[in-house]
Amino acid sequence: MKQLLEFLGVILLFQGVGGLVNRFTGALRGWGLVQRLDFLDGYEIYASVALIVLACALFAAVRSEGTD
């Protein structure tokens, strides 16, 4: 379970950072999930930051779960 949460955290982190990079520089066009969802038009920055925050929350949850 710990490895699954870490994997999901990494995916969320990459998606969030990729969304911010795309929004501010125009690079990585068509790469992330945030750009593909039509209902997020105009809210790409907020959605990308939310993904980064969720990734950090997952990493914190994994860390607080204890050591194996």
Side-chain angles (χ1 to χ4, degrees):
M1 185 67 169
K2 182 177 177 179
Q3 290 176 346
L4 176 64
L5 291 177
E6 287 175 345
F7 177 73
L8 289 175
V10 168
I11 296 297
L12 289 175
L13 185 64
F14 284 160
Q15 289 294 318
V17 170
L20 288 177
V21 167
N22 183 5
R23 184 67 179 143
F24 289 126
T25 67
L28 304 175
R29 195 166 297 275
W31 179 77
L33 179 67
V34 174
Q35 292 79 23
R36 295 181 187 268
L37 299 176
D38 292 334
F39 65 89
L40 291 176
D41 284 346
Y43 298 101
E44 292 93 354
I45 294 174
Y46 300 116
S48 296
V49 170
L51 288 175
I52 293 171
V53 169
L54 285 174
C56 292
L58 273 177
F59 293 144
V62 168
R63 185 173 179 159
S64 70
E65 189 175 279
T67 61
D68 286 337

Please report, to 0.1 Å, the donor-acceptor pairs under 3.5 Å made by any side chain of residues 41-61, with sequence neighbours excluded.
residue, atom, partner, partner atom, Å
Glu44, OE1, Gly42, N, 3.2
Glu44, OE2, Gly42, N, 3.4
Ser48, OG, Glu44, O, 2.9

Does one hydrophobic cluster hold both Leu4 and Val62, with members joined at side-chain heavy-atom distances below 4.5 Å?
-> yes

Enumerate donor-acceptor pairs with a distance under 3.5 Å from any side-chain N or O in residues 8-26 to protein atoms, sequence neighbours excluded.
residue, atom, partner, partner atom, Å
Gln15, OE1, Leu33, N, 2.6
Thr25, OG1, Val21, O, 2.6
Thr25, OG1, Ala27, N, 3.2

Calculate, to the nearest 0.5 Å, the distance between atoms CG and CZ belonging to Asp38 and Arg36 respectively.
-> 11.0 Å

